[in-house]
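Remember, predicted model here, so these are calculated numbers, not experimental data.
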Amino acid sequence: MAEQRAIQPPRAIKAPTHTLGIYAYSFAGTRWRNDEIAAALPKTAELLAQCAIALDRVDLYALDAVPRYRYFYTPVSRELVRAIDAKKPAVFFVEDTRNNPAFDAEAIGLANANRRPELANTVWIAYGTRDLAHAIAHEIVHVLSDSGAHSSEAGNLMRDETSPANATLTAEQCRLARTRGEANGLLTRIKQE
């Protein structure tokens, strides 16, 4: 591991019901810049805040890894996650994907990790992914809700194409993200006094 730093999470919500910690991993030798990743987080936090979820920690690990780990490819990425004992939920910022079909970003929850358990609760974002803050939030909601479902509703964050115009979540999408996220140990409920 080349570097670890804590990023002060933005406070985008006054009365959250749940908190979320994110563990982000970037790689030396890719085009990603840690400042670019950190700059997307305030908007990501704002998007998650509509579900009463607040980011309470963001740890960014800059990995000095062999070139093959810089690409998302299921067999190699499983090896990487085991080798570094990745904390989760983990968001990996990779140079590209070598999986087929290729996606700019991919989320792996518990439900779609049966044949690749090491990758459960991880997100993989390829360099050049548009609308980074929205893409991070979109994929995190997939992981929290443990669902790959997309929405056809106009303006919904969970449409299959991320865009600043797609930013809202329904009450049911938020409920699912909170209940499954908490049940799967990814969210912490804030005790109300």
Side-chain angles (χ1 to χ4, degrees), residues 1-10 19-48 53-99 102-113 115-146 148 162 177 181 184-188:
M1 199 163 317
E3 171 193 351
Q4 174 188 353
R5 72 175 179 172
I7 297 172
Q8 181 62 40
T19 60
L20 169 67
I22 294 177
Y23 303 93
Y25 297 85
S26 66
F27 299 85
T30 69
R31 291 172 286 172
W32 284 110
R33 298 293 166 252
N34 290 339
D35 291 341
E36 176 184 11
I37 295 165
L41 293 171
K43 183 62 179 177
T44 298
E46 183 182 314
L47 292 164
L48 295 173
I53 297 169
L55 290 182
D56 72 340
R57 76 176 292 137
V58 179
D59 290 341
L60 178 59
Y61 299 89
L63 304 176
D64 189 9
V66 296
R68 68 192 182 115
Y69 288 147
R70 300 173 193 165
Y71 295 82
F72 180 46
Y73 180 53
T74 298
V76 174
S77 298
R78 291 175 72 178
E79 181 183 309
L80 168 70
V81 171
R82 281 192 307 264
I84 66 171
D85 194 22
K87 296 177 183 180
K88 297 178 181 177
V91 181
F92 290 89
F93 294 88
V94 294
E95 183 64 25
D96 206 345
T97 183
R98 292 192 169 143
N99 282 333
F103 298 105
D104 288 344
E106 187 169 345
I108 300 142
L110 294 173
N112 63 341
R115 294 186 0 210
R116 48 188 179 168
E118 302 87 347
L119 300 183
N121 300 321
T122 64
V123 170
W124 302 81
I125 300 180
Y127 185 79
T129 296
R130 292 186 339 248
D131 310 310
L132 184 58
H134 289 76
I136 295 169
H138 174 103
E139 300 303 335
I140 288 288
V141 171
H142 276 312
V143 167
L144 292 176
S145 61
D146 198 19
T162 57
N184 292 334
L186 302 174
L187 292 177
T188 302

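Using a 4.5 Å heavy-atom threshold, the side chains of Y23 and R57 count as touching. At a threshold of 4.5 Å between non-hydrogen side-chain atoms, the residues V141 and L48 count as touching. With contacts defined as side-chain heavy-atom distances shorter than 4.5 Å, the pair V94/I125 does not qualify. Contact check for L187 versus T19: no side-chain heavy atoms found under the 4.5 Å cut-off. Within the 4.5 Å cutoff, the side chain of L55 has heavy atoms near those of the I22 side chain. Taking 4.5 Å as the limit, some side-chain heavy atom of D146 sits within range of a side-chain heavy atom of N184. Annotation: side chain of S77 is in contact with side chain of L119 (closest heavy-atom distance under 4.5 Å).
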Q: Evaluate the side chain to side chain contact (heavy atoms under 4.5 Å, CB included) criterion for residues Y69 and V76: first the C-alpha distance (whole Å), next the side-chain angles of each, then the deciding distance (0.1 Å), finally the verdict.
A: CA-CA 7 Å; Y69 288 147; V76 174; 3.5 Å; yes
(Q) Please evaluate residues W124 and E139 with respect to the criterion side chain to side chain contact (heavy atoms under 4.5 Å, CB included), reporting the C-alpha separation (whole Å), side-chain torsions for both, the decisive distance (0.1 Å), and the verdict. (A) CA-CA 9 Å; W124 302 81; E139 300 303 335; over 6 Å; no
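Taking all atoms of both residues into account, the shortest heavy-atom contact from R115 to R78 is O-NH1, 3.2 Å. Closest of all the heavy-atom pairs between A90 and Y25 is CB-CE1, 3.8 Å. Here the closest non-hydrogen pair linking I108 and A113 is CG2-CB, 3.8 Å. The two residues S26 and I37 come nearest to each other via the heavy atoms CB-CD1, 4.0 Å. The nearest pair of heavy atoms linking A135 to R130 is CB-O, 4.0 Å. Residues A40 and I136 come closest through the heavy atom pair CB-CD1, 4.2 Å.
Using a cut-off of 4.0 Å between Lys/Arg side-chain N and Asp/Glu carboxylate O, R82 and E118 are scored as salt-bridged. Classification of D96 and R98 as a salt-bridged pair fails, no side-chain N sitting under 4.0 Å from a carboxylate O. Remark: E106 engages R116 in a salt bridge, criterion side-chain N to carboxylate O under 4.0 Å.
Y127 pairs in a ring pair (Phe, Tyr, Trp, His ring centres under 6.0 Å) with only one of the listed residues (F27, W32, F92, F93), which is W32.
To the nearest 0.5 Å, atoms CZ (F72) and CD (E95) are separated by 15.5 Å. From R68, atom CZ reaches atom CG of L80 across 9.5 Å, with rounding to the nearest 0.5 Å. Considering CG of L20 and CG of L144, their distance stands at 5.5 Å, rounded to 0.5 Å. The line from NE2 of H134 to OG1 of T44 is 8.5 Å long, rounded to the nearest 0.5 Å.
Of the possible polar contacts, none joining the D104 side chain to the T129 backbone as a donor-acceptor pair under 3.5 Å is found. Remark: the backbone N or O of A120 is paired with a side-chain donor or acceptor of K88 at under 3.5 angstrom.
By the neighbour-count criterion of 12 heavy atoms within 6.0 Å, atom OH of Y73 is sparsely surrounded, having that number or fewer from other residues, nucleotides or ligands.
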